[in-house]
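These notes are about the structure you will find just below.
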Amino acid sequence: MVWALAAGAVDTRGLELEPVASDIQSLNEWALQGRLEVTAVSAGAYPSIADRYALLSHGASFGESYGPIVVAREPFSVDDLRGLDEIVTPGPLTTATRVLRLALGADVRTRDLPFDEVLTEVTSGRAEAGLLIHEGQLTYADHGLEKVLDLGVWWQEAYDLPLPLGVVAARRDLDRLGDVSAVLREAIDAGLANRSAALEYAIGFGRGIDAATADEFVAMYVNDLTLDMGDRGRRAVSLLLGVSPDYVAA
């Protein structure tokens, strides 16, 4: 989407769009303040900002039988995870942490860190287990870690739906909310149609991963549901957040 806007691949209808890159927990916190007019946020954070932001039906990331994973230096059981002193997580507002509590129980003990520090915290021994939401989902074994729990698999087995992770929301006070929504949808469509160019652009925002890993990771979370979450996506969001499927905007 951002590649299409930067490359001038879509008609912006006279709108001035300035991309702002930051980690998801920061974006969640900024959304609580209404800081950005349009923002990516964790699906799990949306109920906290629903009074100020409309949820768009496009731009979301869903995991189809995969999602955030809990890793450790040894092969714990799920019951073992419940008994740990703490699991390092990427932020209290992230969808990953929300689903972790659904899977393990609300009483599971966690400690929050920036998402890109979780893997190192586990490999260093400072934490027994950690919840990964980035490309570490593909590279954890290279760091000598074990996958203990895949929350996307757990969700799919429990509900037979894709797991909604990130969503795009637009502030309700925008004068041209309809145009903003249309431009973003067209930008996603353009990015999917020009995948190689868009991926090369996106790698510039990565953390030193190679092109093949970046391609695999993007393929996991950018798909037809990103263009329009449809009925399945709406039902999944409804289930995760405990709201009506009609809650999802245009």
Side-chain angles (χ1 to χ4, degrees), residues 1-13 15-24 27 36 38-43 55-69 90 94-96 115-116 132-142 150-153 155-156 161-170 179-234 236-237 248-250:
M1 179 181 71
V2 179
W3 165 81
L5 298 174
V10 294
D11 178 7
T12 61
R13 295 164 169 77
L15 297 169
E16 294 183 12
L17 303 171
E18 178 186 354
V20 177
S22 190
D23 67 281
I24 192 63
L27 294 177
L36 300 177
V38 181
T39 185
V41 293
S42 297
L55 181 60
L56 303 185
S57 62
H58 43 268
S61 57
F62 288 82
E64 293 270 14
S65 295
Y66 48 78
I69 62 172
T94 59
T95 309
F115 78 100
D116 54 356
L132 301 181
I133 62 172
H134 57 71
E135 65 277 355
Q137 295 168 246
L138 300 175
T139 63
Y140 66 90
D142 298 336
D150 187 318
L151 293 177
V153 172
W155 177 270
Q156 186 77 30
L161 287 169
L163 175 59
L165 296 164
V167 295
V168 174
D179 283 340
V180 170
S181 179
V183 169
L184 295 184
R185 189 190 190 288
E186 290 170 13
I188 295 165
D189 204 5
L192 290 171
N194 296 273
R195 193 175 186 281
S196 296
L199 182 61
E200 183 178 358
Y201 177 85
I203 287 174
F205 296 91
R207 285 164 292 280
I209 59 175
D210 59 52
T213 302
D215 183 77
E216 184 178 359
F217 187 73
V218 168
M220 291 170 65
Y221 295 111
V222 181
N223 47 44
D224 290 344
L225 289 172
T226 307
L227 191 59
D228 189 324
M229 66 176 66
D231 290 339
R232 288 181 70 234
R234 284 178 169 82
V237 171
V248 181

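Being a predicted model, the structure only gives us computed values, none of them experimental. Residue indices begin at 1 and follow the sequence shown.
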Show the nearest heavy-atom pair for residues [X] and [Y], with the distance to one decimal.
| X | Y | answer |
| --- | --- | --- |
| V10 | A190 | CG1-CB, 4.0 Å |
| G191 | A4 | N-CB, 4.4 Å |
| A236 | F62 | CB-CE2, 4.2 Å |

Could you work out, with side-chain hydrogen bond (donor to acceptor under 3.5 Å, both in side chains) as the rule, every residue matching [X], not counting sequence neighbours?
| X | value |
| --- | --- |
| D179 | R176 |
| D224 | none |
| N223 | none |

- Query: More than 12 non-hydrogen atoms from neighbouring residues, nucleotides or ligands closer than 6.0 Å to CG on D231, yes or no?
  - Reply: no
- With sequence neighbours left out, write down each residue that passes side-chain contact (heavy atoms from CB on, under 4.5 Å) with S65, or none if nothing qualifies. Q156
- Item | side-chain contact (heavy atoms from CB on, under 4.5 Å) involving V222 - partner list, sequence neighbours excluded | L192, V218, T226
Within the structure provided, determine whether [X] and [Y] are in side-chain contact (heavy-atom separation under 4.5 Å).
| X | Y | result |
| --- | --- | --- |
| L165 | I133 | no |
| L5 | L184 | yes |
| L27 | L36 | yes |
| V183 | D11 | no |
| P164 | W155 | yes |
| L199 | D215 | yes |

- Item | Among P162, S61, S57, the one residue meeting side-chain contact (heavy atoms from CB on, under 4.5 Å) with L225 | P162
- Item | Donor-acceptor contact below 3.5 Å, side chain D150 vs main chain V153 | yes
- Backbone N/O of E186 and side chain of H58: donor-acceptor pair under 3.5 Å: no
- Test side-chain contact (heavy atoms from CB on, under 4.5 Å) applied to V167 and V41, step by step: CA-CA 6 Å; V167 295; V41 293; 3.6 Å; yes
- Quick one: ring pair (Phe, Tyr, Trp, His ring centres under 6.0 Å) partners of Y66, sequence neighbours excluded? Y221
- Query: Between atom CG of L161 and atom CZ of R234, what is the distance when rounded to the nearest 0.5 Å?
  - Reply: 13.5 Å
- Query: Nearest 0.5 Å, what's the CG-CG distance between D228 and L56?
  - Reply: 11.0 Å
- Hey, mind stepping through T94 and I24 against side-chain contact (heavy atoms from CB on, under 4.5 Å) and telling me if it holds? CA-CA 8 Å; T94 59; I24 192 63; 4.1 Å; yes
